[in-house]
Amino acid sequence: MLILTRRPGESIYLGDDIKLTVLSVQGKQIKVGLDVPDDMPVYREEVYLRVQEQNKLALQLTDQDLLAATQLWHKK
Amino acid sequence: MAQEIERTVKTRLGSLAVDMNRVIRFPRGIIGFEDCKEFTLLQLKEDSPFLILQSMTRPDLGLMVADPYTFLPDYNVKIGSAEQKILKLDNIRQIAILVTVTIPPGRPEETSLNLMGPIIVNSRSRVGLQVPQVDTKYPNRFLVSDRENEAAEALNEIQDAGSGKLAGSEVGAAAK
């Protein structure tokens, strides 16, 4: 991992079109500003990982459970 | 030039002919499977809120998804401007929303909806994108049985009835 030291107000460019700015540091919280292309989604890691996990769980069902769930729950 | 109308695809429900008009393009794949860009929706049963989001290229990649509004009429999704751009959204009525579904092995009565990573489909341009939600007032998981309590009863009936039939491919829920 590349490690850089920055002060509040200072920025880092990732390539030409992503700019990351450290806005402020307060205790354990660091406020970061991101300038990214307007079609680039940005995710918090914990949310991203949880969605990834849930996607994998949605795959791991047996045909039997799938059928049972289909019959168990109906549209109202 | 002749256009491809139908393609036979190996799915987790077996080989199916998929109407090319029912293919949804996911320019960013789905989270964890970023290299899969084309999916279709397979309907399991006519009156079921559940569908399979099936990769056109990977037979084993079929995720169980559901129309969340069957269970949670007031479910709300935030779509940021980057996401709107990817989805080519210019009218909010163009979208269909699906959520992934988890069934714990052998316990279909504990089926839950994953509300954190809804899959948004622009039903007009047939572009799809998974849009993780932050600061949501909804729980991360929503137990389907919280809505209904007849689960145990129905389960017994199913075990008696044996296996049902799976219907062919169908693109799901119309725009909300």
Side-chain angles (χ1 to χ4, degrees), chain A residues 1-2 6 8 11-76, chain B residues 12-13 28 30-33 44-45 47-50 52-53 60-67 70-71 80-83 85-86 99-109 111-112 114 116-117 129-134 140-141 144-145 147-148 150-151 154-155 157-159 161 163-164 166:
Chain A
M1 186 189 283
L2 173 67
R6 298 272 68 187
S11 300
I12 295 166
Y13 274 89
L14 310 177
D16 297 328
D17 49 8
I18 300 173
K19 182 180 167 191
L20 186 153
T21 308
V22 178
L23 297 175
S24 65
V25 182
Q26 277 188 327
K28 283 188 171 177
Q29 279 202 319
I30 298 160
K31 206 168 266 182
V32 172
L34 286 163
D35 290 304
V36 299
D38 59 4
D39 62 349
M40 178 178 287
V42 175
Y43 311 118
R44 289 173 172 85
E45 184 185 36
E46 65 276 17
V47 174
Y48 183 85
L49 291 178
R50 195 171 293 167
V51 171
Q52 190 177 41
E53 172 70 19
Q54 291 179 337
N55 282 352
K56 287 186 176 146
L57 287 172
L59 268 179
Q60 285 168 359
L61 65 162
T62 64
D63 290 349
Q64 202 185 346
D65 286 339
L66 191 150
L67 208 63
T70 306
Q71 299 192 10
L72 206 47
W73 316 109
H74 297 284
K75 281 186 182 172
K76 280 252 155 129
Chain B
R12 61 173 298 162
L13 308 177
R28 291 184 173 263
I30 55 170
I31 293 170
F33 306 96
L44 292 161
K45 213 166 153 268
D47 62 344
S48 172
F50 298 121
I52 296 286
L53 184 66
D60 61 315
L61 188 56
L63 289 96
M64 181 136 168
V65 296
D67 167 14
T70 303
F71 306 102
S81 55
E83 283 91 352
K85 196 158 180 186
I86 294 167
V99 293
T100 62
V101 176
T102 304
I103 307 176
R107 302 201 305 276
E109 67 279 11
T111 298
S112 66
N114 305 320
M116 218 182 204
L129 181 70
Q130 190 161 31
V131 183
Q133 300 289 301
V134 284
N140 171 21
R141 288 170 70 233
V144 169
S145 60
R147 188 193 62 142
E148 298 179 51
E150 63 258 39
L155 187 64
E157 282 174 33
I158 291 160
Q159 280 159 351
S163 63
L166 297 169

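Worth saying up front: this structure is predicted, and the values here are computed from it rather than measured. Lettering of chains follows the sequences in order, A, B, ..., and the numbering in each one begins at 1.
Within the 4.5 Å cutoff, no side-chain heavy atoms of A:Q60 are placed close to those of B:T102. Using a 4.5 Å heavy-atom threshold, the side chains of A:K56 and B:F33 count as touching.
Taking A:Q52, A:M40, A:E53 one by one and counting their heavy-atom pairs under 4.5 Å with chain B, the maximum is reached by A:Q52.
A distance of 7.5 Å separates CG in A:L59 from CG in B:D60, rounded to the nearest 0.5 Å. The distance from atom CG of B:L63 to atom CG of A:N55, rounded to the nearest 0.5 Å, is 5.5 Å.
Nearest heavy atoms, A:D65 versus B:G106: OD2-N, 2.8 Å. Pairing each heavy atom of A:P41 with each of B:I86, the nearest pair is CG-CD1, 3.7 Å. The minimum heavy-atom distance between B:Q133 and A:V47, with the atom names listed, is O-CG1, 3.9 Å. Contact detail for B:G32 and A:Y48: the closest heavy-atom pair is N-OH, 4.4 Å.
A 6.0 Å sphere centred on CD of A:E46 holds more than 12 heavy atoms belonging to other residues, nucleotides or ligands. Other residues, nucleotides and ligands place more than 12 heavy atoms under 6.0 Å from the CG atom of A:D17.
Contacts of B:L61 with chain A are made by both backbone and side-chain atoms, with heavy-atom separations under 4.5 Å.
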